[in-house]
Every structure is written in structure tokens, then in C-alpha cells.
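First up is the structure itself, then whatever we jot down about it.
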Amino acid sequence: MLKIYNSLARDKQVFVPINPGQVRMYVCGMTVYDDCHLGHARMLLSFDMVYRWLKSSDYDVTYVRNITDVEDKIIARAAENHETISALTQRMVEHLHRDTGRLLMLPPTHEPRATAHVPGMVALIEQLIAKGLAYPAANGDVYYAVAKFPGYGKLSGKSLADLRAGERIEVDPHKRDPLDFVLWKAAKPDEPSWPSPWGAGRPGWHIECSVMSEFHLGTHFDIHGGGHDLQFPHHENEIAQSEGAHGHAFVNYWMHNGFLRFNDEKMSKSLGNFFKIDDVLKTFDAEVVRFFILRAHYRSPLNYSETTLADAKNALDRLYTALKGVAAPDLVIDWNEPGALRFRAAMDDDFNTPEAVAVLFELASEANRTHSAQTIGLLKALGGVLGLLQRDPNVYLQAAPAGDGAGSLSAVLIEERIAARGAAKQAKNFAEADSIRAELLAAGVVLEDTALGTSWRRN
RNA sequence: GGCGGGGUAGCAAAGUGGUUAUGCAGCGGCCUGCAAAGCCGUCUACGUGGGUUCGAUUCCCGCCCCCGCCUCCA
């Protein structure tokens with residue numbers, strides 16, 4: 001029985017899908033004006049993990065993750081780069097797919113782009129105006145009248161009074177209430193625009209998610225996810241738009257992942273303390289990065305550093321080393337088997353991946369003790385549920401260092417040196433054998449003498 | 001100021017009213033020509049002051065510290 005921490009209820013709740021056996025899930029994806037950083041990776045990986053677990057739990061899952069391809073920052077960046085908006089967004093979408101692919105994420109069922117749904121947004125705004133929840137202003141903008149929507153603040157636990165007290169922005173004179181947010185922005189020169197009943201313009205940010213989720217999932221669906229920073233105002237505004245327009249519940253379970261931090265601060269563009277996925281992958285194996293993120297709980301803060309990532313690498317090495325002993329049979333997981341049972345209980349408890357990973361380590365210990373093909377098969381299969389441990393162990397352990405691998409010894413050369421060392425050992429010339437081993441170690445290659453001969457891995 | 005999330009052993013990170021989390025690192029042993037890997041054993045814990053309780057890291061209250069949202073942000 002799956003329990004999910006629902007931000008709306010501020011509590012773990014038993015997950016009951018609207019339609020039995022079926023889950024409809026929407027996640028706020030990327031605004032494509034720059035490469036993804038590790039904080040984005042955490043969000044993307046968290047919901048990839050959720051998607052995988054729901055599928056493993058035999059749900060028929062429709063997973064929608066949008067792409068925001070029209071927005072202030074995109075316009076500004078394109079101008080800065082002296083390129084067209086579509087050239088910029090197309091390139092960034094390619095980078096997004098490159099990065100998610102490397103991090104072993106499954107593609108979402110649908111990946112709608114905002115620019116393809118503008119007419120739907122115009123239609124939704126018209127509905128909101130008709131219901132008296134939105135109003136066009138003299139400047140050509142259209143605003144949402146926050147005070148007209150009774151439930152405003154229910155997701156983020158804020159009241160209108162609190163929000164007004166915390167007011168930090170200068171009031172736009174076109175807004176009736178300072179808290180009103182923009183649904184439609186009047187066109188400015190040299191900016192992309194679409195026709196609308198209020199004149200040429202472009203959509204505000206929040207409206208796209210209400211429209212794209214409805215397009216693919218309907219007006220009432222199961223799970224909506226995103227980074228914690230989207231809880232307010234973005235998700236609050238989505239609720240106001242969708243529930244305001246349709247008059248019924250929008251989303252049953254709201255999920256928010258915790259931040260990735262660097263030096264105990266949120267990693268973000270505005271703070272400038274971010275590491276791009278592409279750059280991190282020049283130093284660390286992508287599966288190590290995936291494992292690093294999955295071994296923390298998705299809602300907890302997670303600190304990134306060279307040390308914590310290196311730690312994750314050593315830990316993943318142990319798992320793959322356990323897999324190396326015996327060929328893992330491909331097996332169908334028997335969820336009544338004790339290890340699988342514990343794994344499932346952990347995942348069903350609000351996706352407790354640290355606990356699930358602990359089960360993996362216990363299986364690894366058991367496999368090291370017993371060399372049971374069954375245990376090794378289970379370890380690999382459960383790892384697969386998290387998108388881990390699917391490579392051939394030797395391919396993982398002997399992989400050239402992440403990045404271009406420049407300066408690393410080739411496998412052929414390593415094998416030659418191992419043969420030379422073997423000959424020296426035969427001749428009881430241990431000084432020579434040890435010197436070859438030391439030479440390889442200095443090049444990042446560790447030798448392991450086993451009953452079956454000498455094997456090697458990179459450290 | 002309002003709202004929310006945290007402070008767990010050297011580091012990372014789960015969890016629990018009483019019984020080993022887990023990983024990395026350390027120490028001792030086994031194995032090994034010596035190592036590595038593995039196995040066995042082992043040392044460091046629950047921010048702080050009270051309260052409830054037979055018993056609290058785990059529940060309640062106060063305090064300290066950190067982080068986030070309240071403005072674009074995953």
C-alpha cells in the first residue's frame with residue numbers, strides 16, 4: 001500500500017488513484033534557456049524514480065513533463081546570444097534530452113511545449129474572465145483576481161493577509177490587488193506574440209501548466225510534482241486557474257522534491273552556485289550521480305560536494321563488485337521474498353529510496369557470503385527498479401574515467417602489464433610483480449588476484 | 001515579520017518509545033607471497049534545557065542554530 005507525502009495535506013496519505021490501476025502524473029519541467037544543473041537533475045531524477053516505482057507497482061502511468069519554451073529569461077538570453085528564440089530553445093531541449101538520457105531517465109509519456117498550446121491558454125483565460133476570476137487591464141495584460149478565488153493559499157499554507165504583510169515587490173498600478181498575477185502579457189516590440197481577444201501578447205508562466213495538464217490528463221488527475229520552490233506561487237496559481245475555471249478539484253496529490261545544496265545553500269541560478277550536469281559528468285560516472293541522488297530521500301535537503309559524490313562512487317562500486325562474482329540471472333522479482341518485501345515496504349513509504357538502497361547493500365553482503373545466483377539476480381533486479389546496476393559489472397568497474405578519459409591506460413595495455421606481472425609472479429620475482437602493480441595503481445588501476453586469475457578495475 | 005523543513009556517530013544518510021539502519025572512512029582478525037576485494041569482529045550518535053513515561057534520539061513545551069518560500073527559480 002503506497003503512501004505519498006501530500007504537500008496539500010502536509011501529511012503522508014494512502015495513495016488511491018482516481019481510476020483504479022491508472023495513474024496520471026504531471027511534473028513541471030524545464031524552462032529551456034540554459035543547461036540543466038544538478039538541482040534540476042535532482043527534480044528530474046526524483047520524479048523519474050516515482051514514475052518507475054508506480055510502473056513497478058503495476059499501474060498504467062501517464063507521465064507528463066512540460067517544457068517551457070517562451071518566457072522572459074528565454075527572450076533575454078536569445079537576445080544576449082544574438083540568436084533566435086527557437087534556435088536557443090531547440091538547442092537547450094537537445095541538451096536536456098542528452099542529460100536525462102545519460103542519467104538513465106525514462107522519457108515521459110508526453111513532453112508538451114508551451115508554444116504549442118497558446119490557443120488553449122487563451123481559451124482558459126477567457127473562461128476565467130467569464131467567471132469573474134480574471135480581468136483585462138488597460139495596458140493589455142490580463143490578471144487573475146486572487147481575492148476572488150476562495151481557496152487561494154491552501155497549498156502553500158499562506159493567507160492573503162500574510163502575503164500582503166510580506167509584500168516585497170512594487171505594486172503594478174494595473175493590478176486591482178498587488179497579489180494578482182499575470183495570465184497574459186501584452187506584446188512588446190521584438191518579442192514573440194500570439195493573437196488574442198486582448199490584443200497580441202504572450203502567456204504568463206502559470207497558465208501553461210493548467211492547460212497542458214488538462215490537455216493530456218484532464219481537469220482532475222492524480223499527482224502533480226515539481227521542485228519545492230514551485231509550491232508558491234506557481235502551483236498555488238495553477239490551482240487557482242484550474243479549480244477556478246472548472247469548479248472542481250484539480251490534483252489529488254502534490255509532491256515537492258527537496259533542494260540540492262552546495263555549501264548548505266540551495267543550488268540555484270540566481271545564487272550562481274550551480275554545477276551543470278554536463279560538467280559534473282566530466283568527472284563522475286552518470287550512474288554514480290544517479291545513485292548519489294537516489295540514496296537520499298527525495299524530500300530531504302542534499303548537499304553536493306566532491307566528497308559526497310566520491311563517497312557515492314565508492315558505495316556503488318561495492319554493489320557492482322558484489323554483482324561481479326556470479327552471472328546474474330534475469331529474474332522476475334518475487335515480491336514475497338524477504339529482501340524484495342523490505343524493498344517494497346521502503347518504496348511504498350513515500351518513496352524511501354535510502355531504505356531501499358540499504359536493502360540493496362544487505363543483498364550485496366549476502367551475495368558476497370553465499371555467492372547465490374538467486375540473491376545476485378534479485379540484487380540486480382531490484383537495482384533495476386531504481387534504474388541502477390544494469391551494466392555488466394566489469395564494464396562499470398573498468399570504465400575509462402568519466403569525461404574524455406584522456407591519459408588513462410587502455411585495457412589492452414593493462415592486460416599486457418598484468419601478463420608481465422603474472423610471469424614475474426611465476427618466477428617468484430615478487431619485487432618486479434609488485435612494481436608493476438604499483439605502476440598500474442599510480443595510473444588508477446587496481447589489481448585483484450583471484451582463484452581465477454588477476455582481474456582489474458579502475459578506482 | 002508570516003509560513004514551512006531540518007539539526008543523528010569522523011563524513012553521508014534512514015529510522016524507531018525499550019532490541020544492529022545502511023554506505024564511506026578508522027581499528028583488529030581471517031584470507032593473500034604481499035596486496036586488493038570479500039568475510040568476521042570493533043570504536044565514535046541522536047542540538048540544548050525541561051516535561052510525560054518503568055523507560056525518549058523517537059511524544060509535549062521552551063531555547064539555540066541552519067535552510068527554504070513569501071520576487072524569477074527544480
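Naming convention: chains lettered A, B, ... in sequence-line order (proteins, then strands); numbering from 1 in each chain.
For the C1' atoms, the distance linking B/U42 with B/A9 amounts to 14 Å, nearest Å. B/C27 and B/A36 have their P atoms separated by 11 Å, with the value rounded to a whole Å. Comparing the P positions of B/G68 and B/U52 gives an interatomic distance of 38 Å, to the nearest angstrom. Comparing the same atom, C1', in B/G49 and in B/G15 gives a spacing of 25 Å after rounding to whole Å. Distance noted for atom P between B/C24 and B/G38: 7 Å (whole Å). Comparing B/A13 with B/G29, their P atoms sit 33 Å apart, to the nearest whole Å. With both ends at atom P, the span from B/U20 to B/A25 equals 24 Å, rounded to whole Å. A distance of about 49 Å separates the C1' atoms of B/A74 and B/C31, rounded to the whole Å.
In this model, a donor atom of one side chain and an acceptor atom of the other lie less than 3.5 Å apart for A/R318 and A/S365.
Evaluation of atom-type donor-acceptor distances gives no pair under 3.5 Å for the side chain of A/K269 against the base of B/C72. With hydrogens and angles ignored, no donor-acceptor pair under 3.5 angstrom links the side chain of A/R42 to the base of B/A74. Between the side chain of A/R318 and the base of B/C24, no donor-acceptor pair of N or O atoms lies under 3.5 Å. Residue side chain A/K73 does not reach the base of B/C73 through any donor-acceptor N/O pair under 3.5 Å, judged by distance alone. Counting atom types as modelled, A/D434 pairs a side-chain N or O with a base atom of B/G33 as donor and acceptor under 3.5 Å. Between the side chain of A/D162 and the base of B/C70 there is no donor-acceptor pair of N/O atoms closer than 3.5 Å.
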What are the atom names and distances for every N/O pair under 3.5 Å that joins the protein to nucleotides 11-13 of chain B?
none

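Each of B/A21, B/C40, B/U22 was ranked by its minimum atom distance to the side chain of A/R369; first place goes to B/C40. Closest to the A/F232 side chain, of the nucleotides B/A74, B/G23, B/C69, is B/C69. Here B/A14 is the nucleotide among B/G33, B/A14, B/C69 with the atom lying nearest to any side-chain atom of A/N352. Comparing B/G68, B/C70, B/A74 by their closest approach to the side chain of A/P233 singles out B/C70. The A/S365 side chain lies nearest to B/G23 when the options are B/G23, B/C69, B/C72. Of the candidates B/A74, B/C70, B/G33, the closest approach to any side-chain atom of A/F430 belongs to B/G33. Considering only side-chain atoms of A/D449, the nucleotide from B/A21, B/G33, B/C73 that sits closest is B/G33. Distance from the side chain of A/W205 is smallest for B/C72 among the nucleotides B/C72, B/G33, B/A21. If you check B/G33, B/A74, B/G68 against the side chain of A/K425, the one that comes closest is B/G33.
Within a 6.0 Å radius of NZ in A/K269, more than 12 heavy atoms belonging to other residues, nucleotides or ligands are found.
In this structure, CG of A/D317 is placed 10 Å from P of B/A37, rounded to the nearest angstrom. One can place CG of A/L447 at 12 Å from C1' of B/A37, the figure rounded to the nearest angstrom. Here B/C73 presents its C1' atom at 13 Å from NE2 of A/H256, a figure rounded to the nearest Å. Separating the CD atom of A/Q231 from the P atom of B/A74 is a distance of 15 Å, rounded to the nearest angstrom. With rounding to whole Å, A/N257 atom CG is found 15 Å from B/C73 atom P. Nucleotide B/A74 holds its C1' atom 13 Å from the CG atom of A/N273, rounded to whole Å. One interatomic measurement links the two molecules: CG of A/D264 to C1' of B/G5, which rounds to 14 Å at whole-angstrom precision. In this entry the distance linking CZ of A/R342 with P of B/A14 reads 16 Å, nearest Å.
A close approach under 4.0 Å does occur between a side-chain nitrogen or oxygen of A/N368 and OP1 or OP2 of B/C39. At the phosphate of B/G23, neither OP1 nor OP2 sits under 4.0 Å from any side-chain N or O atom of A/K313.
Among the atoms of the strands shown, only primed sugar atoms or phosphate atoms (P, OP1, OP2) are found under 4.0 Å from some heavy atom of A/A315. At a threshold of 4.0 angstrom between heavy atoms, the contacts of A/G29 are confined to the sugar-phosphate backbone, with no base atom among them.
A/E236 places a side-chain N or O within 3.5 Å of a backbone atom of A/G153 that can act as its donor or acceptor partner. Judged purely by atom type and a 3.5 angstrom limit, A/S455 has no side-chain atom pairing as donor or acceptor with the backbone of A/T450.
The ring pair (Phe, Tyr, Trp, His ring centres under 6.0 Å) test applied to A/F15 returns A/Y59, A/Y253, not counting sequence neighbours. Under the side chain to side chain contact (heavy atoms under 4.5 Å, CB included) criterion, A/A114 pairs with A/D69, A/V70, A/M121, A/E208, A/M212, not counting sequence neighbours.
Taking the six-membered ring for Trp and the full ring otherwise, A/F221 and A/F250 have centroids separated by under 6.0 Å.
Where A/Y5 and A/R457 meet RNA chain B, the nucleotide closest to each residue was compared, and A/Y5 sits on the side nearer the 5' end. Mapping A/G226 and A/R299 onto RNA chain B by nearest heavy atom places A/R299 closer to the 5' end of the strand.
Checking each of A/D350, A/T353, A/N257 against A/Y298 for a side chain to side chain donor-acceptor pair (under 3.5 Å) leaves exactly one that passes, namely A/D350. Screening A/W205, A/F181, A/W184 for a ring pair (Phe, Tyr, Trp, His ring centres under 6.0 Å) with A/Y144, the sole residue that qualifies is A/F181.
B/G68 and B/C3 make up a base pair, with Watson-Crick or G-U wobble contacts both under 3.5 Å. Here B/G18 sits opposite B/C54 as a Watson-Crick or G-U wobble pair (both hydrogen-bonding atom distances under 3.5 Å). Figure legend. B/G10 is base-paired to B/C24; pairs are counted as Watson-Crick or G-U wobble with both atom distances under 3.5 Å.
Where stacking is scored as ring centres under 5.5 Å apart with planes under 30°, A/F259 does not register as stacked on the base of B/G68.
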TODO: Given side chain to side chain donor-acceptor pair (under 3.5 Å), test A/Y320 with A/N394 step by step and report yes or no.
DONE: CA-CA 8 Å; A/Y320 264 117; A/N394 277 326; over 6 Å; no

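To the nearest 0.5 Å, atoms CE (A/M30) and CG (A/D35) are separated by 9.0 Å.
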